[in-house]
*Asks:* 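First the structure, then my questions, so here it is.
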Number of protein chains: 2
Amino acid sequence: MTDAESFLAEYDPREYPPVAVTVDVVALTIRDGKLCVLLIERGEQPFAGHRALPGGFVRDETLDEAARRELAEETDVRLVEDRVHLEQLGTYGNPGRDPRMRVVSVAYLAFAPHLPEATAGSDAARAYWVPVEEAKDLAFDHDQILADGLERARDKLEYTPLATAFVGTEFTVSELRAVYAAVWGEELHAGNFHRKVLSVPGFVESTGGTVARGGERGGPKAKLYRAGDARLLHPALLRPTREDRVR
Amino acid sequence: MTDAESFLAEYDPREYPPVAVTVDVVALTIRDGKLCVLLIERGEQPFAGHRALPGGFVRDETLDEAARRELAEETDVRLVEDRVHLEQLGTYGNPGRDPRMRVVSVAYLAFAPHLPEATAGSDAARAYWVPVEEAKDLAFDHDQILADGLERARDKLEYTPLATAFVGTEFTVSELRAVYAAVWGEELHAGNFHRKVLSVPGFVESTGGTVARGGERGGPKAKLYRAGDARLLHPALLRPTREDRVR
DNA sequence: TTAATAGTGTCTATAAGACAATATTAC
DNA sequence: GTAATATTGTCTTATAGACACTATTAA
C-alpha cells in the first residue's frame with residue numbers, strides 16, 4: 001500500500017468525491033486607453049459559444065507555473081515571460097460551478113503592458129482582448145472571478161506601484177495617469193497627479209531622458225521615468241469619491 | 001458515458017495526477033493581550049508530533065462551508081456560528097508540500113473574539129491556542145500559511161474595521177487599541193488613537209453606556225461602543241514606521 | 001491621597017484637492 | 001500664431017503625530 005493509497009483510504013470516496021483542480025487567469029492590459037481582459041471562445045459544452053477566462057488543468061507544476069503556462073498558451077510567450085505581473089486572486093470551488101464534476105479553480109490575476117493581438121499561441125485563434133465593460137455573460141462563474149479581479153486591480157493601484165506593470169520599462173507621467181484613468185474609470189487631475197507621483201518615494205525614478213517628440217496635437221516633450229524600488233506606495237494614491245464604497 | 005467520465009477522458013491521467021483538496025484555517029484570537037492562533041497536534045505521519053493548522057478534506061459543500069466546519073470541529077460551535085469573521089487567504093498547492101500525494105489546500109483566515117480554551121469539539125483535546133510568536137516548525141507549509149495570514153491581518157486592520165471582530169459586541173476604545181497593539185506588536189499612543197478611531201465615519205458608534213467600573217488600578221469608566229456600518233476605514237489607521245516594509 | 005486610565009486640546013508637519021499659471025511643442 | 005499638453009505654484013482644508021492637560025476612579 002503506497003502512501004497515497006493509505007491516505008485515500010482514510011475517507012469514504014462517496015463522502016469525498018473526486019475533484020479536479022484548474023487555474024483560470026484574469027489577464028488585464030490597456031489597449032487604446034481602455035482596460036481589456038483576455039477571453040477565449042468556448043467550443044464545447046458546457047457553455048459552448050460563450051466566452052470564458054483562459055485556464056486549464058493543473059499539471060505536475062506549482063499553481064503559479066500553471067497560471068503562467070496557461071497565459072503563455074494564449075498570448076505571446078516572449079512578452080509573458082518577462083514583464084507580466086502575476087498574483088493569486090482567489091479560489092472558486094462551489095459545488096455545481098461546473099456541471100460535469102467538482103472543479104476547484106485557482107484564479108490568477110495578471111497585469112501586462114500593452115500587448116499585441118493574441119495570435120501567437122497554440123489556441124490563439126480563439127483568444128482576444130475585450131474591453132472589460134463588454135465582458136459579460138462569461139462561462140461558469142467567470143463573471144464573478146472577473147469582477148473580483150477588477151476590484152483587486154483597482155485597490156492595488158492605490159497602494160502599490162502596480163500601474164507600472166501596464167506600461168513599458170520607460171514611461172511618462174501622463175502614460176501612468178492614463179493607466180489609473182483606465183483602471184479606475186475616471187479622469188484624474190493632471191497637475192495634482194503629476195506632483196503626487198513624483199512625491200512618493202521609490203514609485204518612479206527619472207531616466208534623465210525625454211520622449212522623442214511631444215503629443216499629436218502639441219505640447220512639450222515629457223520626461224521619461226522607470227519604475228522605482230518601492231513595493232508599497234507611501235503615501236498612497238487614493239481614489240477620489242470613496243464614499244459609495246465605504247458603507 | 002457520463003459528463004464526468006467524458007470530462008476526465010480529455011486528459012491523460014499520468015499528466016494530470018489525482019489531486020486532493022483540503023482547507024486549512026488560520027484562526028486568530030486575542031488572549032491575555034497576545035495574538036494567538038489555533039493549532040492541533042498531529043498524531044500520524046507525516047509530521048507526527050508536529051503542530052499544524054486545523055483543516056481537512058473538502059466535502060460536498062462550498063469552500064467557505066468547509067472552512068467553517070473545520071473550525072467548528074476544533075472549538076466552541078456556538079461561538080463560531082455567530083461572530084467569527086472568515087475570509088479566504090490563499091491557496092497552497094506546490095507539488096511535494098504533502099509527501100503522500102498532490103494536495104491543494106485552500107487556506108482561510110478567521111478572526112474571533114476572545115474564545116475559551118478549545119475543548120468542546122470532537123478533536124478538541126488536540127487543539128489549543130498558541131501565541132503566534134511561539135507557533136514555529138508547523139507541519140507541511142503551515143509556517144508560510146500562518147505568516148501570510150498574519151501579514152493579511154496586520155494589513156486589514158489598517159483599512160477595515162476588522163479589529164471589531166476581535167472584541168465583544170460592546171467594547172471600549174481601549175479594548176480596540178489593545179487589539180491593534182497585539183496584532184501590530186507595538187503600543188499605540190492612547191490619546192491619538194482615541195481621537196482617530198472616533199473620527200473615522202462608521203467605524204464605531206456609541207451605545208450611550210459605560211463599563212461598570214474603571215480599570216483594576218483606577219481610571220474613569222470608559223464609554224462603550226459597538227461596530228459601525230463602515231466596511232472600509234476612511235481615513236485609514238496606518239501603522240507607524242512603514243519604512244522597512246516599503247522597499 | 002495616589003496612581004492609573006479616559007478623554008480632550010493644541011501645535012506642527014505633511015498631504016489632498018482645487019485652481020491658476022507658465023513653458024514647450026506640433027501643426 | 002494657436003491649441004494642446006507638461007510641469008510648477010499657491011492656497012485651503014484634512015490628517016498624523018507629538019505632547020500637554022484635565023477628569024475620573026480603584027485602591
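Throughout, a chain's letter reflects where its sequence line sits, starting with A, and its residues are numbered from 1. These numbers come from the heavy atoms of this one structure, side chains and all, not from hydrogens, waters or symmetry mates.
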*Asks:* Counting only heavy atoms not in B/Glu134, do more than 12 fall under 6.0 Å of its CD?
*Replies:*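 Atom CD in B/Glu134 is packed in, count exceeds 12.
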*Asks:* Please report, rounded to the nearest Å, how far the C1' atom of D/dA4 is from the CD atom of A/Glu187.
*Replies:* 15 Å
*Asks:* Just to verify, what does B/His189 make a side chain to side chain contact (heavy atoms under 4.5 Å, CB included) with, not counting sequence neighbours?
*Replies:* B/Asn192
*Asks:* Could you name each residue pair satisfying side chain to side chain donor-acceptor pair (under 3.5 Å) that touches residues 201-221 of chain A, not counting sequence neighbours?
*Replies:* A/Glu205-A/Arg226
*Asks:* Rounded to whole Å, how long is the line connecting atom CG of B/Leu188 with atom P of C/dG7?
*Replies:*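 Whole-Å distance recorded here is 16 Å.
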*Asks:* Do you see a donor-acceptor pair shorter than 3.5 Å between the side chains of B/Tyr108 and B/Asp64?
*Replies:* yes
*Asks:* Rounded to whole angstrom units, what separation is found between the NZ atom of B/Lys223 and the P atom of D/dT24?
*Replies:*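 Whole-Å distance recorded here is 11 Å.
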*Asks:* I'd like to know if B/Glu186 pairs up with B/Arg239 as an ion pair, taking the criterion as any Lys NZ or Arg NE/NH1/NH2 lying under 4.0 Å from an Asp or Glu carboxylate oxygen.
*Replies:* no
*Asks:* When the distance from CZ of B/Phe193 to P of C/dG7 is rounded to whole Å, what number comes out?
*Replies:* 12 Å
*Asks:* Is B/Tyr180 reaching over with its side chain to a backbone N or O of B/Leu157, donor-acceptor style, under 3.5 angstrom?
*Replies:* yes
*Asks:* Quick one: B/Glu186 CD to D/dG17 P, roughly how many Å, whole number?
*Replies:* 10 Å
*Asks:* Got a list of side-chain donor-acceptor pairs under 3.5 Å for residues 166-176 of chain B, not counting sequence neighbours?
*Replies:*
unit_1	atom_1	unit_2	atom_2	d
B/Thr172	OG1	B/Ser174	N	3.4
B/Thr172	OG1	B/Glu175	N	3.1
B/Glu175	OE1	B/Thr172	N	3.0

*Asks:* For B/Leu198 and C/dG9, what is the distance between atoms CG and P respectively, to the nearest whole Å?
*Replies:* 12 Å
*Asks:* Of B/Ala236 and A/Ala222, whose closest DNA chain D nucleotide lies nearer the 5' terminus?
*Replies:* A/Ala222
*Asks:* Within this structure, what is the NE2-to-P distance between A/His234 and C/dT14, rounded to whole angstrom?
*Replies:*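 Going from A/His234 (NE2) to C/dT14 (P), I get 12 Å.
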*Asks:* Tell me, for nucleotides 19-27 of chain C in 5' to 3' order, what letter each nucleotide earns: B for a base near a protein heavy atom under 4.0 Å, S for only sugar-phosphate near one, - for neither?
*Replies:* B----BBSS
*Asks:* In chain order, what residues pass the side-chain hydrogen bond (donor to acceptor under 3.5 Å, both in side chains) check against A/Tyr225, with sequence neighbours excluded?
*Replies:*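 Residues passing side-chain hydrogen bond (donor to acceptor under 3.5 Å, both in side chains) with A/Tyr225: none at all.
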*Asks:* Decide if atom CD of B/Glu87 counts as having more than 12 heavy atoms of other residues, nucleotides or ligands within a radius under 6.0 Å.
*Replies:*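 Yes.
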*Asks:* A/His194 has an atom NE2; how far is it from atom P of C/dA18, in whole Å?
*Replies:* 18 Å
*Asks:* Which of residues 161-183 of chain B have a heavy atom under 4.0 Å from DNA chain D?
*Replies:* none
